[in-house]
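Okay, so here's the structure we're looking at.
What you see is a predicted model, and the numbers here were worked out from it, not measured in a lab. For the numbers below, each heavy atom of this structure counts, side chains included, while hydrogens, waters and symmetry mates do not. Along the sequence shown, the residues carry numbers beginning at 1.
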Amino acid sequence: MRALIYLAAAVAAPLLSLPTSLAAQNTPSSPPSGRGSAGLHLQVTEPRGDFGRNTDNGFGLGGYVLGALDGNGIVNLRGDFSFVTYANTRRRIPLAGTGGLIQLDLRTSSNIVSVVGGPQLLGPSGRFTPYATALGGFSVFWTESTVEGSQNTNTPFASTTNSSDAVWAYGGAVGAYLRVTNGRRPVRLDVGARYLRHDDVRYLTDDRVREAFQSNRPAIPARGRADFVTYYAGVNIIAF
């Protein structure tokens, strides 16, 4: 949380000078974010609280669309989608009845999909443009196990969803755009951090999956609050 607070402070400082900057630029026909843009980024999640004590960092991809709500493109509406995997294991098991001659791969992955949206406020425009966003929506936590041949490159022939839960998500994000190209459709680097809170969710951990495998019984999910910070970096392209 400390890193997020520091980043928020860095973004908030230039936002305080927003009225002066707007008065100076006064170019409603050329808003700093365009009328609409889209972004794609790589991301790393850092779990917090009980979720952090039970799980490790997650890795994945995210994307978003951004639409201006005013003539200057300062107030925007943002919609976010992200996918991360916070646990991924593989175990070699023999196919029953083959005397160990046929080996299979048992893969188990734990994932989170989040779909959130909300207003985004842009700071002073230019090569460097900070932003802050309030977000709300939902997340789906699920763990799935699949079985495939140890040298199989095709689709797994068996799979089971071990745990699944959909819950409300809310939080916010801070970040900044760094313009790298101009022209009809400018391209900007996009870096930032997003915090999402989930008050009551069921999810599986590596330890519980391992216990279920060793005892040959269904995995028992953990349950509780699950918060995490997502650090992301990618590109934003102004579409129109």
Side-chain angles (χ1 to χ4, degrees), residues 40-64 80-116 135 137-171 193-234:
L40 182 68
H41 49 246
L42 300 174
Q43 54 190 27
V44 178
T45 61
E46 181 182 5
R48 298 302 179 93
D50 288 340
F51 192 57
R53 286 184 282 273
N54 293 330
T55 65
D56 295 324
N57 292 349
F59 302 89
L61 296 170
Y64 65 90
D80 263 46
F81 172 85
S82 68
F83 170 84
V84 297
T85 297
Y86 65 86
N88 197 345
T89 60
R90 185 182 72 170
R91 296 176 174 87
R92 185 64 57 84
I93 59 174
L95 178 63
T98 66
L101 296 176
I102 302 297
Q103 297 290 313
L104 304 176
D105 282 340
L106 172 62
R107 299 177 182 269
T108 301
S109 64
S110 296
N111 315 286
I112 306 170
V113 164
S114 298
V115 181
V116 293
L135 298 168
F138 68 91
S139 295
V140 178
F141 292 65
W142 87 95
T143 297
E144 183 178 41
S145 295
T146 62
V147 175
E148 61 185 27
S150 60
Q151 297 180 356
N152 186 15
T153 59
N154 298 320
T155 303
F157 61 83
S159 65
T160 296
T161 299
N162 308 115
S163 175
S164 179
D165 199 10
V167 294
W168 296 114
Y170 55 97
R194 182 184 69 192
Y195 173 78
L196 286 183
R197 171 171 171 168
H198 309 84
D199 287 328
D200 186 22
V201 60
R202 292 181 294 111
Y203 61 92
L204 281 175
T205 68
D206 264 347
D207 288 342
R208 299 206 173 198
V209 169
R210 182 173 55 254
E211 291 170 0
F213 179 78
Q214 293 173 346
S215 61
N216 194 29
R217 60 166 176 78
I220 301 175
R223 183 165 187 168
R225 180 171 161 180
D227 303 342
F228 55 85
V229 177
T230 301
Y231 302 98
Y232 56 87

Let me check something: any side-chain donor-acceptor pairs from residues 213-230 under 3.5 Å, sequence neighbours excluded? List them with distances.
{"unit_1": "S215", "atom_1": "OG", "unit_2": "E211", "atom_2": "O", "d": "2.7"}
{"unit_1": "S215", "atom_1": "OG", "unit_2": "R217", "atom_2": "NE", "d": "3.1"}
{"unit_1": "R223", "atom_1": "NE", "unit_2": "D200", "atom_2": "OD1", "d": "3.1"}
{"unit_1": "R223", "atom_1": "NE", "unit_2": "D200", "atom_2": "OD2", "d": "3.4"}
{"unit_1": "R223", "atom_1": "NH2", "unit_2": "D200", "atom_2": "OD2", "d": "3.1"}
{"unit_1": "R225", "atom_1": "NE", "unit_2": "D227", "atom_2": "OD1", "d": "3.3"}
{"unit_1": "R225", "atom_1": "NE", "unit_2": "D227", "atom_2": "OD2", "d": "2.5"}
{"unit_1": "R225", "atom_1": "NH2", "unit_2": "D227", "atom_2": "OD2", "d": "2.7"}
{"unit_1": "D227", "atom_1": "OD1", "unit_2": "H198", "atom_2": "N", "d": "3.3"}
{"unit_1": "D227", "atom_1": "OD2", "unit_2": "Y195", "atom_2": "OH", "d": "3.1"}

Completion exercise
Rounded to the nearest 0.5 angstrom, the OG1-CD distance for T55 and E46 is 10.5 Å
Practice task
Verify, without hydrogens or angle tests, whether E144 (side chain) and T161 (backbone) share a donor-acceptor contact under 3.5 angstrom.
Solution key: no
Practice task
Indicate whether any N or O donor in one side chain lies under 3.5 Å from an N or O acceptor in the other, for D206 and Y86.
Solution key: no
Problem - Pair R194-S82, side-chain donor/acceptor within less than 3.5 Å - result: yes
Handout entry: Pair S109, R107: side-chain N/O donor-acceptor within cut-off below 3.5 Å
Key = no
Handout entry: Spatial distance of atom OG1 (T205) from atom CG (N54) [nearest 0.5 Å]
Key = 6.0 Å
Fill in the blank from the handout: All heavy atoms of S110 vs all of L204, minimum pair found to be OG-O, 3.9 Å
Handout entry: Polar contact flag, side-chain donor to acceptor under 3.5 angstrom, S139-S114
Key = yes
Exercise for the section: Would you kindly say whether S145 and N162 are connected by a side-chain donor-acceptor distance under 3.5 Å? Expected result: yes
Exercise for the section: Take Y64 and Y232, measure what side chain to side chain contact (heavy atoms under 4.5 Å, CB included) needs, and give me the verdict at the end. Expected result: CA-CA 12 Å; Y64 65 90; Y232 56 87; 5.9 Å; no
Handout entry: Under 3.5 Å side-chain donor-acceptor pair for N111 and T85
Key = yes
Problem - Any side-chain heavy-atom pair of I112 and V140 under 4.5 Å - result: no
Practice task
Specify whether Y203 and F141 have parallel, tilted or perpendicular ring planes, treating 30° as the upper limit for parallel and 60° as the lower limit for perpendicular.
Solution key: tilted
Handout entry: Side chains of R92 and D105 in contact at under 4.5 Å (non-hydrogen atoms)
Key = yes
Problem - Nearest heavy atoms of H41 and A233, plus distance in Å - result: CB-O, 3.2 Å
Handout entry: Atom pair OG1/CZ of T108 and R210 - distance to nearest 0.5 Å
Key = 12.0 Å
Exercise for the section: I would like to know whether F81 and V113 meet side chain to side chain contact (heavy atoms under 4.5 Å, CB included); could you show each step before the answer? Expected result: CA-CA 7 Å; F81 172 85; V113 164; 3.6 Å; yes
Handout entry: Rounded distance (nearest 0.5 Å) linking atom OH of Y231 with atom OG1 of T45
Key = 10.0 Å
